[in-house]
Chemist: 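Here it is: the structure, laid out below.
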2 protein chains.
Amino acid sequence: MLSERQRMILSAIVDDYIRSAEPVGSRSISKRGDVTFSPATIRNEMADLEEMGLLEQPHTSAGRIPSIKGYRYYVDNLVTLDGVHDQDVRKIRTFFAEKMNHWEGVIGHASTILSQLTNYTSIVLGPEMFSTTLKHFQLVPINDASAVAIIVTNTGHVEHRTIAVPDGISMDDMNKVVNLLNDKLAGVPFYRIKSVLHSEVANELSRYVDHCEDILSILENTITEEQEPKVFLSGASNMLTQPEFKDVDKAKNILGILEETQILMRLFESTPEGIQVKIGTENTLAAINQCSLITATYTIDGQSLGTIGILGPTRMEYRKVISLLDYLSKDIALLMSRWYK
Amino acid sequence: MLSERQRMILSAIVDDYIRSAEPVGSRSISKRGDVTFSPATIRNEMADLEEMGLLEQPHTSAGRIPSIKGYRYYVDNLVTLDGVHDQDVRKIRTFFAEKMNHWEGVIGHASTILSQLTNYTSIVLGPEMFSTTLKHFQLVPINDASAVAIIVTNTGHVEHRTIAVPDGISMDDMNKVVNLLNDKLAGVPFYRIKSVLHSEVANELSRYVDHCEDILSILENTITEEQEPKVFLSGASNMLTQPEFKDVDKAKNILGILEETQILMRLFESTPEGIQVKIGTENTLAAINQCSLITATYTIDGQSLGTIGILGPTRMEYRKVISLLDYLSKDIALLMSRWYK
DNA sequence: ATTAGCACTCAATTGGAATGAGTGCTAATG
DNA sequence: CATTAGCACTCATTCCAATTGAGTGCTAAT
């Protein structure tokens with residue numbers, strides 16, 4: 001649909017604008033070298049591209065900037081992945097060289113690297129449990145009043161949490177409860193555990209143990225809370241380096257959003273496997289309509305575990321970020337496969 | 001050293017400046033009602049106060065603003081605590097009404113409340129372990145390759161972490177290791193565990209078990225990492241609402257700092273018990289020389305557990321923040337005493 | 001089909017005048 | 001003698017008009 005020349009010009013404009021954050025004029029394109037036409041010719045093409053909705057003009061006597069649609073075309077058709085820069089690879093290597101023996105380490109480090117290498121904000125979701133089932137549940141008493149609940153999933157993922165034990169519950173009762181839970185809940189997907197707890201377990205439990213409501217509510221909290229993936233955020237202040245957020249109010253809006261884990265998670269709802277680019281208003285959340293979000297899932301044995309993402313202005317270095325996310329998501333999968341066998 | 005009238009005027013200037021963030025003129029003070037002198041008189045007194053270093057003038061024809069020394073005098077001598085506002089108390093109540101069965105919940109909520117009620121940034125440190133000793137160590141095997149390490153301190157505090165178990169370590173070996181560790185390390189303060197591990201445990205361990213270096217290094221990591229208190233941050237974006245940070249560069253500086261947990265912790269090094277106010281350059285960290293940090297420790301049975309703090313511009317609502325921190329630190333102690341018996 | 005040339009647009013910059021909040025000093029006042 | 005009214009002075013801020021310059025669209029020439 002676009003001529004080769006138009007594609008070249010569009011590409012040049014997007015590239016230039018990504019670099020400079022200033023509207024791009026016909027003259028500067030002509031001088032770049034890779035497009036050998038005169039400014040006048042380029043102007044004509046630009047007018048056409050604008051008519052197609054790929055470019056827009058802030059005001060009559062300014063250069064052009066890419067529209068959302070323009071970025072979309074650029075990302076879908078013009079971005080050539082040139083791989084990750086050598087020095088970036090080296091930096092990732094040294095970062096991950098440190099021996100890590102829990103997944104939070106890997107995910108946390110990944111988040112830090114991403115923001116450092118891109119100068120954007122990185123958002124990383126830990127292993128999700130939506131598609132995961134309970135494999136094993138264990139309670140380790142610590143003292144009269146508290147115990148550690150350990151939850152093992154079918155993926156080999158382990159979560160733990162200290163819980164308060166209500167007064168008047170004996171060790172014996174505990175064991176009964178734990179056994180019953182393992183019987184009933186093993187193999188049940190997490191998102192269904194809450195209802196199973198109420199429908200099947202509650203009745204049976206009341207036969208064996210007093211105070212069962214207390215125990216149930218605690219378990220319910222513990223298990224359902226763990227269901228939520230943990231969110232790691234890094235480089236939020238990088239937003240402020242972008243000229244589009246030199247207006248403090250805009251910046252505050254976005255940074256405020258970034259502080260609300262709940263909202264962040266909604267951003268990642270229904271991210272498909274592989275790499276996804278959401279540009280400006282393509283994001284459902286109005287507050288980040290000036291931003292682009294690029295996400296990549298990390299998978300082991302074809303199963304999607306979690307998501308890493310970069311949030312930046314729509315004027316984002318798509319080429320670099322996409323390459324990097326692709327590389328890193330595979331790296332994370334590799335590193336984490338140790339715990340998932 | 002200051003006359004009553006000078007104290008009134010200084011107090012009025014600080015209050016006004018805290019409210020408006022604009023230099024305060026003699027006329028506006030005179031019109032407030034509580035200082036009944038004419039602008040001319042007030043001007044004379046202001047000149048004196050400036051000479052004493054309590055006030056300063058941005059430029060010749062502007063009003064006065066408090067100097068660091070002025071704030072200091074204000075905080076030390078002029079702040080009257082009027083307690084926490086009723087509606088704030090209610091808000092805290094509803095926030096804490098939710099049943100919480102792990103300390104992260106309490107601390108995390110406290111952080112959120114603080115930033116919401118003050119519109120500043122809150123920094124909260126979880127229970128410290130510097131003055132804490134190991135009470136009990138436990139390893140719960142999950143599968144061949146991993147186990148959960150549970151660490152109980154003398155304060156009743158519980159930490160846990162999943163660790164990877166090196167190949168070729170049997171359950172039996174494990175138990176031996178755990179028993180040995182409990183023998184040797186129970187009662188040892190955390191900050192000394194690392195050295196004890198090397199000096200006393202390493203030798204002995206090598207007699208019983210192969211691969212002991214692997215195990216040791218993992219344990220060392222696990223234990224020493226837990227030693228660091230967890231940092232909770234909330235309302236960082238509130239910084240941007242302050243006119244002193246309308247300059248994006250300044251804002252980025254501070255927000256950048258806030259993202260670095262290591263640095264944040266250094267801010268809290270050696271916070272004395274009770275409430276402490278550090279104004280502007282009184283902070284050792286140059287990056288926050290435009291800020292004031294107010295901290296309060298929460299203690300149980302006279303033992304200091306952790307610290308809650310508010311970071312804001314030097315032009316901070318000291319009265320309100322100090323009252324609030326005082327109130328909340330006691331509240332946290334109360335809530336947490338459940339787990340510390 | 002391409003491009004040189006030209007008139008036109010409009011945001012951004014510049015500089016100088018007007019504004020006004022606030023001061024310091026002096027002399028008058030109770 | 002402490003207080004205050006009065007006044008000249010300072011200086012950041014605001015306002016406005018003129019200038020600048022990057023960039024466009026159109027037309028005619030190549």
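Just the heavy atoms: all of them, side chains too, but no hydrogens, waters or symmetry mates, feed the values below. Throughout, protein chains are lettered first and strands after them, A, B, ... in sequence-line order, and every chain is numbered starting at 1.
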Chemist: Distance check needed: D:dA12 P versus B:Glu22 CD, whole Å only.
Modeler: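 Roughly 15 Å, once rounded to whole Å.
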Chemist: With heavy atoms under 4.0 Å as the rule, sort A:Thr41 into base, sugar-phosphate or nothing.
Modeler: base
Chemist: Under the 3.5 angstrom rule, does the side chain of B:Lys278 hit a backbone N or O of B:Thr295 as a donor-acceptor pair?
Modeler: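 Such a contact is absent between B:Lys278 side chain and B:Thr295 backbone.
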Chemist: Using heavy-atom distances to pick each residue's nearest nucleotide on DNA chain D, tell me which of B:Glu45 and B:His59 is more 5'.
Modeler: B:Glu45
Chemist: Can you find a donor-acceptor pair, distance only, under 3.5 Å between B:Ser61 side chain and D:dT10 base?
Modeler: yes
Chemist: Would a distance-only check, ignoring hydrogens and angles, find a side-chain to backbone donor-acceptor pair under 3.5 Å from A:Ser67 to A:Leu54?
Modeler: yes
Chemist: Between A:Gln57 (CD) and D:dA22 (C1'), how many Å, whole number?
Modeler: 12 Å
Chemist: For the side-chain hydrogen bond (donor to acceptor under 3.5 Å, both in side chains) test, which of B:Tyr120, B:Tyr318, B:Tyr71 pairs with B:Ser292?
Modeler: B:Tyr318
Chemist: Does any nucleotide pair with D:dC15 by Watson-Crick or G-U wobble geometry, both distances under 3.5 Å, and what is it?
Modeler: C:dG16
Chemist: Can you tell me the distance, in whole Å, between the CD1 atom of B:Ile65 and the C1' atom of D:dA12?
Modeler: 14 Å
Chemist: Return the value, rounded to whole Å, for the distance between atom CE of B:Met46 and atom C1' of D:dT4.
Modeler: 15 Å
Chemist: May I ask you to decide if A:Thr297's main-chain N or O and A:Thr307's side chain share a donor-acceptor pair within less than 3.5 Å?
Modeler: no
Chemist: Identify the 5'-most and 3'-most nucleotides of DNA chain C with at least one atom closer than 4.0 Å to a non-hydrogen atom of chain A.
Modeler: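 The footprint of chain A covers C:dT2 to C:dA11.
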Chemist: Does B:Cys291 offer a backbone N or O that forms a donor-acceptor pair with the side chain of B:Asn283 under 3.5 Å?
Modeler: yes
Chemist: Identify the nucleotide, in any strand shown, that forms a Watson-Crick or G-U wobble pair with C:dC8, with both distances under 3.5 Å; if there is none, say none.
Modeler: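 Here C:dC8 is engaged in a pair, and the nucleotide opposite it is D:dG23.
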Chemist: Taking a pair as Watson-Crick or G-U wobble with both distances under 3.5 Å, which nucleotide is matched to D:dA28?
Modeler: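 Check on D:dA28: paired to C:dT3, both distances under 3.5 Å.
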Chemist: Is there a donor-acceptor pair closer than 3.5 Å between any side-chain N or O of B:Glu259 and the backbone N or O of A:Ala236?
Modeler: yes
